[in-house]
Amino acid sequence: MARRWLLLCAQLLLGVALARSARPLPLVLNTWPFRNATETAWKMLMCGGSALDAVETGCAVCEREQCDGTVGFGGSPDEFGETTLDAMIMDGTTMNVGAVGDLRRIKNAIGVARKVLEHTTHTLLAGESATKFAESMGFVNEDLSTDTSRALHADWLARNCQPNYWRNVIPDASKYCGPYKPPSILKQDGSAYGETGAHYGHDTIGMIAIHKTGHTAAGTSTNGIKFKIHGRIGDSPIPGAGAYADDTAGAAAATGDGDILMRFLPSYQAVEYMRGGESPTTACQKVISRIQKYFPKFFGAVICANVTGSYATGAACNKLPEFTQFRFMVYNSLMEQPVEEKVDCI
Ligand SMILES: *[C@@H]1O[C@H](CO)[C@@H](O)[C@H](O)[C@H]1NC(C)=O
Ligand SMILES: *[C@@H]1O[C@H](CO)[C@@H](O)[C@H](O)[C@H]1NC(C)=O
């Protein structure tokens, strides 16, 4: 329904392009160059949709397109082979949030998050109970596995379940599959997270939309990380971690090593830096630097926008030698189409 409406409205957009003002609002900003998601969010704003509508429909495009295999169904099987989804949406005008974590067998996770926001006074629902909620809201319960996700999981089992996210357990998780148990005398393990870990594809769509009236919204959607422990929830559905929006200061969203990111509430912190007078560039960079002090090899990026439409990104990519720049997508009223931009990793 929403898609057909968008197509009809698209014809109006040529006229709108001529009427663009010098103010760089509205604005759509998202992690990674997911062009169709950016474009759809933009059209939603142009067609009279709210910032929340833009974030929801934009992230939903990635859920359907399985962006990079890291959003939506059929990606990032967990250690049991199941794909589970995390998503959040936040209204920066009312400070209302809806989120789902470890959502099972429902494809449109951000749609369910929107229902949590609209139809409950709760913020975050998780696991099978979130699935039941989604069904009651009219979402279809369906298998999220695909041939691709089944093959990924079979291959991982054949590699003795390497890599995985366990430590200090028996049998030795760096050599064998589980089930694992804690050893009776816990051996001290000095290795910090990320010292041995490779990049397993910790990607997410994080999106910010600012309506021309200055109303902000932010959201995320992801299937987490490959071979995660069953039940793991990342930063994406945690308000202030995966995303944050506040009309009185700005909005931010994050992507990367969620288990690290969520300990620092990077999106909240970036918005607070902007409230304190920092530019989006400095706000994003300061957030990344704070995390790097503890986890020098972590991988993560934060996108930041203030309420007058200035935007920036900060990224740390030390874990990935081949990766020196982080790419993101932006669309504002000064642009004719979504523009892919890059930022050097800190
Ligand atoms: C983006 O949308 C176009 C038009 O619907 C489609 O052909 C293309 O495959 C989409 N891109 C991705 C990455 O899915
Ligand atoms: C947004 O950031 C830009 C660039 O630093 C700055 O010029 C502008 O004043 C900021 N807007 C607000 C509302 O702080």
Side-chain angles (χ1 to χ4, degrees), residues 2-11 13 21-44 47 51 54 57-75 92-93 107-108 110 146 148 201 203-205 207-218 221-223 244-253 267 269-287 302-314 327-334 337-341 343:
R3 286 159 85 186
R4 210 174 99 223
W5 179 51
L6 280 178
L7 283 174
L8 289 173
C9 168
Q11 295 159 5
L13 294 184
S21 74
R23 256 173 96 217
L25 291 180
L27 168 76
V28 174
L29 183 65
N30 60 263
T31 58
W32 309 104
F34 300 143
R35 176 177 297 268
N36 287 350
T38 320
E39 199 152 45
T40 300
W42 176 262
K43 281 182 189 162
M44 188 47 94
C47 295
T57 52
C59 291
V61 165
C62 263
E63 291 173 346
R64 285 196 299 272
E65 290 185 352
Q66 302 170 286
C67 288
D68 273 0
T70 63
V71 185
F73 68 100
T93 307
K107 284 186 176 169
N108 180 204
I110 193 143
T146 58
T148 305
D203 308 339
T204 301
I205 183 165
M207 180 179 278
I208 294 168
I210 308 184
H211 192 269
K212 63 177 188 294
T213 55
H215 290 317
T216 61
S221 184
T222 184
N223 52 31
Y244 201 69
D246 180 343
D247 287 4
T248 64
S267 298
Q269 191 57 50
V271 169
E272 290 311 301
Y273 281 138
M274 291 189 279
R275 187 194 309 284
E278 301 287 12
S279 67
T281 307
T282 309
C284 268
Q285 287 178 349
K286 281 176 97 165
V287 162
V302 183
I303 57 173
C304 301
N306 72 15
V307 289
T308 42
S310 288
Y311 63 88
T313 296
R327 296 184 301 150
F328 61 102
M329 211 78 197
V330 58
Y331 201 168
N332 70 23
S333 61
L334 307 177
Q337 56 180 21
V339 174
E340 180 179 328
E341 294 193 15
V343 63

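Start at 1 with the first residue, then count along the sequence. Counting starts at 1 for both ligands and their atoms, following the listed order. Everything numeric here is computed off the predicted structure, so don't read it as measured data.
When distances from atom 1 (C) of ligand 1 to the protein are checked, a heavy atom turns up under 4.0 Å. Less than 4.0 angstrom separates atom 14 (O) of ligand 1 from at least one non-hydrogen atom of the protein. Distances from atom 9 (O) of ligand 2 to the protein include no heavy-atom value under 4.0 Å. In this structure, atom 5 (O) of ligand 2 has protein heavy atoms in its sub-4.0 angstrom surroundings.
Residue, atom and distance of the protein heavy atom nearest to atom 3 (C) of ligand 1 are Asn36 ND2, 3.6 Å. Given atom 11 (N) of ligand 2, the protein heavy atom at minimum distance is Thr308 OG1, 2.7 Å. At the shortest separation from atom 7 (O) of ligand 2 among protein heavy atoms lies Ser310 OG, 4.9 Å. Glu65 OE1, 3.4 Å is the protein heavy atom nearest to atom 12 (C) of ligand 1.
Side-chain contact check for Arg275 versus Asp246: some heavy-atom pair is nearer than 4.5 Å. Counting heavy atoms from C-beta on, the side chains of Pro26 and Trp42 come closer than 4.5 Å. Put simply, the side chain of Met329 does not reach to within 4.5 Å of the side chain of Trp32, judged on heavy atoms.
Note that CD1 of Ile208 is 5.0 Å distant from CG of Leu29, once rounded to the nearest 0.5 Å.
Applying the side chain to side chain contact (heavy atoms under 4.5 Å, CB included) test between Leu27 and each of Asn332, Thr308, Asn306 identifies Asn332 as the sole match.
Annotation: Ser279 places no N or O atom under 3.5 Å from an N or O atom of ligand 2; distance criterion only.
Around CZ of Arg35, the count of heavy atoms belonging to other residues, nucleotides or ligands within 6.0 Å exceeds 12.
Side-chain atoms of Gln66 come within 3.5 Å of backbone N or O of Phe73 as a donor-acceptor pair.
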